[in-house]
Amino acid sequence: MPGPYVVPVFGDAELPKKVDVVVIGGGIIGCSTALELVERGLSVALCEKGGIGHEQSSRNWGWVRITRRDPREVPLMAEALRIWSGLGERTGRDLGYTQSGIAFACATDKEYDDHERWLDALKDYQIDSRMLSAAEFAQMTPGGRMDVKGALYTSVDGRAEPQKAAPAIAEAARDRGAHILTECAVRGIETSAGAVSGVVTERGEIACEQVVLAGGAWSSLFARNTGLRLPQLKVKNSVIRTKPLEGGPDCAIWSEHFSIRKRQDGGYTIADGFRNIVDIVPDSFRYMRDFLPALGAEWKSLMLRFGGRFYDEARIPNRWRMDEASPFEYCRVLDPKPAFSLQDKALDNLRRAFPVFEKAEIAQRWAGAIDVTPDAIPVISGVDTIAGFYLATGFSGHGFGIGPAAGKLAADLVTGRPPVVDPTPYRFNRFTDGTKIEIISGF
């Protein structure tokens, strides 16, 4: 079975003629934005080319963490933790959310010191995050055989079910009046006097005054057709889902050799904790200069690969007309083939660390495409050259946990409310205004 099973969301049959805001993209960012906007009294259409949550929003690890965030994301993630705690009641649906804690294991004294210094990022927040000794970590993870110096542990971190979260938020938005349109690709935006006046979808036009692009790995391509340069690349991460297993750790654990988190059904999500595959594609050359600092900082964790994906993406047009099918209509869901070797190695490492996983049975494998920016933090911003056009993309593998707060910030920008956090670090024009792109490695 390719891809994870996602709770189905059946799209509306009718296309609205006019709304206040169109949100493009039915992942957790787009769904959270739609929910925030409709709760503020705006009419909203959420347009998704495939199914709700069918790409990276359902393929990630399911972690809801503030630990080891880039410090520029910490204020937004602190708000996200607050939102997650009430999101089940707010949506009236089960998202599988629980604060079970996350531990980042430290294999060396240097890792321990680096993690300990990270705690400074939380000094202004009343959050229980602390360093554990090796003995304390062993006590927290009975049955483990990990050779560590200690761990960074945050008790308020937790997990949710990616296959449930975006659908639950989308349905909650529909409960409040939002139009949820699946298999409804947006081909482009229409403008009048330099401002948004509507969108053209494969099913017809929707008049609107504001658009939020939350298209994940597709955002750069969509932006390019509007004349915008959005530096963004894709990274592949592969995941194993096991059948239910008794006796494993309850808290999520990261190490350089594996990462795990317990699932609501009693199984586990397992992935390589360190390495990701980067396919060399035409965009790799288009945005090479933007990403050189990131490549230098993270080269040990990136596995560059040249193969068929280059030719697949080379055939995708960079421009298309509104009256012709867009690339989004030819690929409804990005469903990359998992990296079996990385998955198997992570599982082998896990079995050495926790012998109980010798009994683990693989239920499913999948991979997802993570949308990354040159500085590995998102773009949540208006676009200066097109009034009424906003971006909420480039979450760089950190989007699931921060999603509800990112949607709130995007809605703040759209409605002109005081932003929940300072949006300056996430501005779109940081890539063009001469700002030095800063890579804070390890997050």
Side-chain angles (χ1 to χ4, degrees), residues 56 60 68-74 110-111 114 117-118 121 213 215-238 256 272-316 318 334 336 339 342 367-381 383-385 391-399 402 423-443:
Q56 186 58 17
N60 61 82
R68 284 191 65 199
R69 286 268 174 181
D70 185 305
R72 294 166 291 187
E73 290 184 347
V74 166
K110 182 182 184 304
E111 281 188 15
D114 288 345
R117 281 194 294 272
W118 179 87
L213 174 60
W218 296 93
S219 296
S220 183
L221 179 61
F222 186 97
R224 197 176 308 147
N225 196 48
T226 68
L228 298 176
R229 185 181 186 277
L230 172 61
Q232 179 180 299
L233 295 175
K234 294 185 282 293
V235 171
K236 184 170 81 171
N237 186 261
S238 300
E256 184 174 330
D272 188 295
F274 183 64
R275 295 164 189 82
N276 293 294
I277 291 175
V278 180
D279 283 304
I280 304 298
V281 296
D283 278 355
S284 305
F285 299 97
R286 180 176 286 113
Y287 302 130
M288 180 182 294
R289 293 186 66 180
D290 302 88
F291 279 89
L292 280 176
L295 181 62
E298 302 291 345
W299 67 271
K300 290 183 179 179
S301 66
L302 301 176
M303 300 175 65
L304 303 181
R305 184 179 67 180
F306 185 88
R309 190 67 197 170
F310 181 93
Y311 301 101
D312 291 342
E313 295 203 10
R315 286 190 286 266
I316 298 175
N318 289 309
L334 272 176
L342 289 181
I370 298 170
D371 52 316
V372 298
T373 60
D375 52 8
I377 61 172
V379 176
I380 310 171
S381 174
V383 176
D384 294 340
T385 56
L391 306 175
T393 189
F395 285 82
S396 304
H398 310 159
I402 210 169
T424 302
Y426 316 124
R427 69 194 187 282
F428 174 48
N429 64 7
R430 70 182 188 265
F431 302 122
T432 57
D433 65 4
T435 298
K436 182 180 179 181
I437 298 301
E438 184 179 7
I439 308 299
I440 303 180
S441 182
F443 302 103

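Heavy atoms only: backbone and side chains are in, while hydrogens, waters and symmetry mates are out.
In terms of heavy-atom proximity, Ile277 sits nearest to Ala339 at CD1-CB, 3.5 Å. The two residues Ser238 and Ala367 have their closest heavy-atom pair at OG-CB, 3.7 Å. Of all heavy-atom pairs spanning Ala294 and Pro374, the tightest one is CB-O, 3.6 Å. The shortest non-hydrogen separation linking Ser219 to Leu213 is O-CD2, 3.7 Å.
Looking at heavy atoms from C-beta onward, Ile437 lies out of side-chain contact with Asp290 at the 4.5 angstrom threshold. Using a 4.5 Å heavy-atom threshold, the side chains of Leu342 and Met303 count as touching. With a 4.5 Å cut-off on side-chain heavy atoms, Lys236 and Arg309 do not count as touching. Residues Pro425 and Glu73 form no side-chain contact, since every pair of their non-hydrogen atoms from C-beta on lies 4.5 Å or further apart. You'll find the side chain of Leu233 stays beyond 4.5 Å of the side chain of Val278, heavy atoms only.
In this structure, the separation between NZ on Lys436 and CG on Asp375 is 13.0 Å, given to the nearest 0.5 Å. Between atom CZ of residue Phe285 and atom CZ of residue Phe291 there is a gap of 14.0 Å, rounded to the nearest 0.5 Å. The distance from atom CG of Leu292 to atom OH of Tyr287, rounded to the nearest 0.5 Å, is 15.0 Å. Within the model, atoms CZ of Arg305 and CG of Asp279 stand 4.0 Å from one another, a figure rounded to the nearest 0.5 Å. Remark: Arg286 CZ to Arg224 CZ distance equals 4.0 Å, nearest 0.5 Å. In this structure, CH2 on Trp218 lies 5.5 Å from CD1 on Ile316, to the nearest 0.5 angstrom.
Side-chain N or O atoms of Asp70 include one that pairs as donor or acceptor with a backbone N or O of Arg72 at under 3.5 Å. Arg69 places a side-chain N or O within donor-acceptor distance of the main-chain N or O of His398, the cut-off being under 3.5 Å. The closest donor-acceptor contact from the side chain of Arg430 to the backbone of Tyr426 lies under 3.5 Å. A donor-acceptor pair under 3.5 Å is absent between the side-chain atoms of Thr393 and the main chain of Gly215, judged by distance alone. Between the Gln232 side chain and the Gly216 main chain, a donor and an acceptor come within less than 3.5 Å of each other. For the pair Ser220 (side chain) and Leu230 (backbone), a donor-acceptor distance under 3.5 Å is present.
Ring geometry for Phe428 against Phe431 counts as perpendicular: the plane angle is over 60°, on a 0 to 90° scale with 30° as the lower cut.
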Would Gln56 and Ile370 count as a side-chain contact (heavy atoms from CB on, under 4.5 Å) if you check the C-alpha gap in whole Å, the side-chain angles of each, and the deciding distance to 0.1 Å? CA-CA 6 Å; Gln56 186 58 17; Ile370 298 170; 3.6 Å; yes
Test side-chain contact (heavy atoms from CB on, under 4.5 Å) applied to Ile380 and Phe395, step by step: CA-CA 9 Å; Ile380 310 171; Phe395 285 82; 4.0 Å; yes
With side-chain contact (heavy atoms from CB on, under 4.5 Å) as the criterion, how do Thr385 and Leu228 come out once you've worked through the C-alpha distance, each side chain's angles and the decisive distance to 0.1 Å? CA-CA 9 Å; Thr385 56; Leu228 298 176; 3.6 Å; yes
Stepwise side-chain contact (heavy atoms from CB on, under 4.5 Å) check, Asn318 with Leu221: CA-CA 7 Å; Asn318 289 309; Leu221 179 61; 4.3 Å; yes
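Taking the charged nitrogens against the carboxylate oxygens, Arg315 and Asp312 do have a contact shorter than 4.0 Å, which makes a salt bridge. Of the charged side-chain nitrogens involved, at least one lies within less than 4.0 Å of a carboxylate oxygen, so that Lys234 and Glu313 count as a salt-bridged pair.
Side chain to side chain, Arg229 and Thr432 fail the donor-acceptor criterion of an N or O pair below 3.5 Å.
Judged as a side-chain hydrogen bond (donor to acceptor under 3.5 Å, both in side chains), and not counting sequence neighbours, the contacts of Asp114 are Lys110, Arg117.
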